[in-house]
> 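Below: one structure in structure tokens.
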Amino acid sequence: MIELREVVKRYGEVVALDGVSLKVEAGEWVSIMGPSGSGKSTMLHLIAGLDTPTSGSILVAGEEVSAMSAEARAEFRRCRVGMVFQQFHLIPYLTALENVMLAQYIHSIPDEDEALLALERVGMAHRARAEAAKLSGGEQQRVAIARALVNDPGIILADEPTGNLDAGNEAVVLELFRELAEEGRTLLVVTHNAEVAGAGDRVVRIHHGRIENG
Amino acid sequence: MLRRLVATSLRHRARLYLPMVLAVALSLALAGTALTVGESFAYIVEEKMEMYGANVILTEVDEVPAGGVAVELRSAELEGSEVVVAVADVEALLAMNPAWLVRGTGDVLAGAEVAERLGIAPGDRVELAGDERVVAVLESGTEFDSYLVVNGTPGEVDMVLLRTEEPERYRGKGVVLEEMLRAKYAFLEGVESLLAQVSAVTLVTALLGALNLARMDAGTRRREFGILRAMGAGRRTLGWLVLSEYLALALLTGAVALVATLVMSSAVLQATAGTAPVMDAGIPLMLVLFSLLSFLVVGAAYLGELRRQEVAEELRGE
Ligand SMILES: Nc1ncnc2c1ncn2[C@@H]1O[C@H](COP(=O)(O)OP(=O)(O)O)[C@@H](O)[C@H]1O
Ligand SMILES: [Mg+2]
């Protein structure tokens, strides 16, 4: 499903990824752990096609993302990937509902009923009309997950999704991820949290841009 | 959704966009006012030419050209007040100026201004040079409104009203009406060119300011566009978003500029020439076009600034 082959990413002198090879099967939930600055975010961004590797290749469902044009990578993202971030990254002045509908707008056409359903799934329907900036961290992350899944992507890429959440909200998010995994989606979750990492099928450890266990 | 996005974004950034809109709108309005004053000037001259009927006023002539009406201007006393009496062949004068309006019938035509000053109504009797005369009131919209017109043969000709197709022929002999009018309203041309120069300077300043603001804003908006890109927004979607936003700003600016132009040119023309502004469709059209053009430039700079930015960096989780 997802395959990295000898991926190297350099930022000038800094080698963020130093020959990473990794295979993730369809429907698999892989946790990625490693110290800060080890290249975890870089890896997720490359898989999402937000950036391209310096060398090596990345294949997703047989397609070489790393060789696509920027526009093709954008299309790949909107059709197949849902992203979740530690900082939630909602548009602060839009409502929860509008943030979800924005993803629909980018993907195809906004559908308010469907967007509300997605919010209901994450238990946020009652806050649909609230401005994103006025929501608590846990609420914002739930909206962000609704936004990531509203277009029904096969792949969810999450970068420290519980990094800014308290234990209660962490449990809620973890439960949502379990549901997503059960639906057969492929999950790549970067985390520092052992409990979150343990919920996946396997853990990949990364250090100084290299994978320590295949 | 696009409209909702644009509206929310504009409202969210009102404090940034409002100065942009006002600055560009005001400098456009200055240009609009210059054009309106120029156009009104041309209109005033044209309208007066039509009103006067005769398109030439000759002074100091020896003989009255055929088809002209000779007028002698005298000073006299009416009801204890000083008035200018115009002696002329009234029938010929009225025939030459079919647009003139005479209220009532009488031996003497009191110009509307004189009638109002002295409180004379059509049909009143007045004493002029010892004789009692019945007065009619003349509304000509010309200088004759300030005269008392008396029928008679002028002894000494002060001016000749002449309807001619070839004012060129009489140039130098007297004052061509058009020249007279242009001279009288020449200050409007001065106002026009002054405004035009000022507006050129302010427009450049406003545009540079707007460009600067746009680039600053693009910097603060990196995260937002990073998010949209992460969600899979392509260049077209992002372009549309910015374009729509700037299109809305341009239309808003055009509307503000139009209103400001109307207000400013009304003020200038009322204060100086005592007339309302004359504006054809060209001026609003120009205002909107220039506003569109300005914001296209600013929007392009905005997009250019955004393009230079690394997406991934903005979304980094640390
Ligand atoms: N855009 C960039 N420019 C320069 N250096 C970068 C950039 N992005 C990441 N890096 C560097 O690459 C390394 C890996 O970063 P990152 O993938 O964010 O690590 P992690 O997510 O594991 O904390 C770090 O040393 C970081 O400073
Ligand atoms: Mg990171």
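A note on names: the letters A, B, ... follow the listed sequences, proteins ahead of strands, and every chain is numbered from 1.
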> In Å and rounded to the nearest 0.5 Å, what is the CZ to CD distance from B:R236 to A:E71?
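One finds 8.5 Å between CZ of B:R236 and CD of A:E71.
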> Is chain B contacted by the side chain of A:L90, its backbone, both, or neither, given a heavy-atom distance below 4.5 Å?
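Looking at A:L90, just its backbone touches chain B.
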> Answer yes or no: does atom CD of A:E112 have more than 12 heavy-atom neighbours from other residues, nucleotides or ligands under 6.0 Å?
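Counting neighbours around CD of A:E112, more than 12 heavy atoms of other residues, nucleotides or ligands fall under 6.0 Å, so yes.
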> Atom CD1 of A:I106 and atom CG of B:L238: how far apart are they, to the nearest 0.5 Å?
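Nearest 0.5 Å value for the CD1-CG distance: 7.5 Å.
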> Between A:R147 and chain B, which part of the residue has a heavy atom less than 4.5 Å away: side chain, backbone, both or neither?
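For A:R147, side-chain heavy atoms alone lie under 4.5 Å from chain B.
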> Hey, is CZ on A:R121 packed in by over 12 heavy atoms from elsewhere, all under 6.0 Å?
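Counting other residues, nucleotides and ligands, CZ of A:R121 exceeds 12 neighbours.
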> Is A:A103 close to chain B through its backbone or its side chain, or both, or neither, when contacts mean heavy atoms under 4.5 Å?
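For A:A103, heavy atoms of backbone and side chain both lie under 4.5 Å from chain B.
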> Just wondering, are more than 12 heavy atoms of other shown residues or ligands nearer than 6.0 Å to CD in B:E189?
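Atom CD in B:E189 is packed in, count exceeds 12.
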> When you check the side-chain N and O atoms of A:Y93 and B:R13, is any donor under 3.5 Å from an acceptor?
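A:Y93 vs B:R13: donor-acceptor pair found between side chains.
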> Side chain from CB out, backbone as N, CA, C, O: work out which of these in B:R4 comes under 4.5 Å of a heavy atom of chain A, or both, or neither.
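For B:R4, the contact with chain A is made by the side chain alone.
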> What's the spacing between A:Y105 OH and B:L228 CG if we round to 0.5 Å?
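The CG atom of B:L228 is 10.0 Å from OH of A:Y105, to the nearest 0.5 Å.
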> With a 4.5 Å cut-off on side-chain heavy atoms, are B:M231 and A:R78 touching?
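No - every pair of side-chain heavy atoms lies 4.5 Å or more apart.
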> Going by heavy atoms in the side chains, are A:T95 and B:T8 under 4.5 Å from each other?
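Result no, sub-4.5 Å side-chain heavy-atom pair not found.
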> Looking at CD of A:E98 and CE of B:M1, how far apart are the two atoms once the value is rounded to the nearest 0.5 Å?
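Going from the CD atom of A:E98 to the CE atom of B:M1 covers 6.0 Å.
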> Select one option (side chain, backbone, both, neither) describing which atoms of B:T237 are under 4.5 Å from chain A's heavy atoms.
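B:T237 touches chain A through side-chain heavy atoms alone.
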> What heavy-atom pair brings A:A74 and B:G234 nearest, and what distance separates the two atoms?
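Nearest pair, atom of A:A74 first, then B:G234: CB-CA, 4.0 Å.
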> How long is the gap from CG on B:L5 to CD1 on A:I91, to the nearest 0.5 Å?
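CD1 of A:I91 is found 8.0 Å from CG of B:L5.
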> Using a cut-off of 6.0 Å, state whether more than 12 heavy atoms not belonging to B:F290 lie near its atom CZ.
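Open.
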> Donor-acceptor check, side chain of A:R77 to backbone of B:R229, threshold 3.5 angstrom: yes or no?
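Yes, the answer is positive, given that a donor and an acceptor are paired below the 3.5 Å cut-off.
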